[in-house]
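Order of the sequence lines fixes the chain letters, A, B, ..., with proteins taken first and strands second; residue numbering starts at 1 for each chain.
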Amino acid sequence: MKGLPSLERVVVVLSRFPGIGPKSARRMAYYLLRRGQEATGELIDALEGMRAQIRSCEQCHNLSEAALCWICADPSRDRGRICVVEEPSDLLAMEKAGLGQGVYHVLGGRLSPLDGVGPDALHLASLEQRLMQGGCLELIVATNPTVEGEATAHFVAHLAQPLVARVTRLAHGLPMGGELEYLDESTLYQAMLGRRVFSLDSCD
Amino acid sequence: MRLEWLRLHDFRNVRAAELTFAPGLNRITGENGQGKSNLLEAIGLLASGRSFRRATAGQMRRWEQTAFRVSGAVHTQGWQRQLDVEGGSGRQVVRLDGKPVVSVTRMERVLVTVILTPETPQLVRGGPAERRAFLDWVIFGADRRHGIESADYQTALRSRLHLLKQGCRSEPELEVWEWSLARLGARIASRRHRAVGHLMRMLPPILEQLGVDPEQCTMRLSGDLERWFQQDVGMEEVAMQMRTALARGRERDRVTGTTSVGPQRDDLELCLSGHPVARFGSRGQQQRLAFALKLAEAAWLEELLGEPLVMLLDDPVAELDRAGAHGLMTVLSASGRQLFVASREAGEIPWPGRRSLECAVVAGAFQVSMEQAHS
C-alpha cells in the first residue's frame, strides 16, 4: 500500500467510535502526530490502564476497578432497594441525578430476539440469586421506554414478583423544565395516564 | 386554507415558474407527459414533505441539476405562512416561515392535502393491506402516537415469530412479547375502531352525491379485536383476550410463520347490497367508493382543523361516467375547498362553480388564464 498505511489504520479505528466520522477521525490522528510522542504515549498508557483495571462488578455488573464496584462497596447504601438498569451508562445517569441511595443491577442489554439477545444473554440469573438471598424490599425497574425495554421490564417483573414484596417501575411523562406545548403527543399521553393525586404535604 | 402562490425551481421538468392560484377550482390542463402531475406533486410535497408518487429527492430534481426548490404561501387561520422544500442531493430541508422544521412528522399542519389519483381505486380493489395503510394514515393525521406504536407493534410481531421459529419454549420469554403485542394491538385496534366510526359518520351524504345509495353500502372493520370491541369490552379485557389467543396460537403460528390474531389481520370491508365491492363491484363502483372514502377522510380532517383543506385530483374522471364526474365535482364545489385538478382538457371537468383558473402546461411551462363560467 502506498502513502501512509499506518496513519490510515488509526483513522479507520478512530472512525468506528460513536459520533466520530472519518473527518473527525483524521483530525484526531493529525492532532496526535502534531503533539508528538508524548501525547501518543499518554493515550496508550490511558487505554492500557483502562483495559487492565476496568472489570465487571461481581455483584451488580456495573463497571468497576475492584471485585465490587464503588456502589456495592459503599456501606451507607440502602441494600433493600435495587434498581435494575440496562447499561452501566444508565446507572451513571441515575447517580448523576443524585438518585443513588440504593444499589443497582445492570442487565447488560435488553431483550431483543431479532438481535439474538435472549434472557440468557442478560444478567438475569445473578439477579434472581441476589433476590433469593432476601433483604430486597423494593425492586425498581428502570429500563428504557422502548418496546424492547418494556418487554425486558415485564420479564424482570415476572421473575421478581415471587421474591420481592414491591416491584416498581419509573414513571413516564413530563420532563422537568419542559413546556407542555412543546411536548410530543405520546409523552403527554403517558403523563396523563400516570397522573397522581396532588398532595400539599408531599415534598417531592 | 388555500395555497396562494407556488414557486418551482428545477423541479421535475420545470426550470422556473411562479404561479398564483384561485381560491376555488384550479384546472391544470395539458397533454400527457407535459408536467400536470408534477405540479400536483410539488403541492403535495409542501404539505407533507414527501412525494405522493413515492419519488426520491433525486428523481424530483430537474435533469442534470443538483437541487430543486419548491416554495408556497398558504393562507390559513386568517394569516399567511410560507413553506419551502429544498432537496435533490444530500438531506431534504423543509422550512416553515423561513425556519427549518426538525422532522416532517412534527410539521405543523399548515397545508393539509387529500389526494385523488388514478391509483386511488386500489384502496377498494386492492388487498386488505391497502385499506389498513389508509386507515393508519387517517389516524396518524389526528394522532401522532399511532405511527410510533405501529412500528413498535411490528417489532414485537417479528420478535415473537423469530422466537417461535427458533423453537423457543421459554414460557416467560414468549409471554413478554405476547404481552407487548396485546397491549399495543389493543390500542391500535381501538384507534382504528374509532376512526372507522368517524368515517362512517361522514360517509352517507358523500355517497349520495356520488350516486351511491348509502342504504346499500356497508362498511365495517373485520378482525378479532374489532369483534371484541363491538361487544363493548374494555381495552384491558381486549388485550387479555388477545394474549390468551396468542398463547393458544403458538404452534400454528410457528408452522405458518404468521401471527394469527391481531390488528395486522384487520380489513375494512366494503359491501354494496351485501356483496364485497373488491370482488363483485364494477370498476366505476370501486372508484366511487374509493373516492367516497378519501372524501370522508377529508371531511374528518376538516372537523379537526376547523377549516377547509386543499384537494389534489390527478385525472379524477378517468374511469367515471358523466354522472359520476358531475357528482364528484358537485360535492367538491359545495365543499368550499381549494381544488387542483389535472386533466387533459378543461371540458372533461364539469364545474358548477362560477370562476376558475386554468393553467395549461406544455413541456414544463405554464400558461395561466382566468375563465368565467360557461355552465
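By the neighbour-count criterion of 12 heavy atoms within 6.0 Å, atom CZ of A:Arg166 is sparsely surrounded, having that number or fewer from other residues, nucleotides or ligands. Atom CZ of B:Arg201 is surrounded by more than 12 heavy atoms from other residues, nucleotides or ligands within 6.0 Å. Around the CE atom of B:Met235, the shell of radius 6.0 Å holds more than 12 heavy atoms that belong to other residues, nucleotides or ligands. Heavy atoms of other residues, nucleotides or ligands lying less than 6.0 angstrom from CZ of A:Arg27 number 12 at most. A 6.0 Å sphere centred on CZ of B:Arg95 holds more than 12 heavy atoms belonging to other residues, nucleotides or ligands. When the shell of 6.0 Å around CD of B:Glu236 is examined, it contains 12 or fewer heavy atoms from other residues, nucleotides or ligands.
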Exercise for review: Begin with the C-alpha distance, continue with both residues' side-chain angles, and end with the deciding distance and a verdict on side-chain contact (heavy atoms from CB on, under 4.5 Å) for B:Thr155 and A:Glu148.
Suggested key: CA-CA 9 Å; B:Thr155 306; A:Glu148 286 98 348; 3.6 Å; yes

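Rounded to the nearest 0.5 Å, atoms CD (B:Glu178) and NE2 (A:His154) are 10.0 Å apart. Between atom CG of residue B:Leu163 and atom CG of residue A:Leu114 there is a gap of 8.0 Å, rounded to the nearest 0.5 Å.
B:Arg183 touches chain A through its side chain: at least one heavy atom from C-beta onward sits under 4.5 Å away, while N, CA, C and O do not. If you measure heavy-atom distances from B:Leu161 to chain A, you find no contacts under 4.5 Å at all.
The two residues B:Trp177 and A:Val147 have their closest heavy-atom pair at CZ3-O, 4.3 Å. Nearest approach of B:His162 to A:Pro113, heavy atoms of both residues: CD2-O, 3.2 Å. When all heavy atoms of B:Glu173 and A:Gly118 are compared, the closest pair comes out as OE2-CA, 3.6 Å.
Looking at heavy atoms from C-beta onward, B:Trp179 lies in side-chain contact with A:Glu150 at the 4.5 angstrom threshold.
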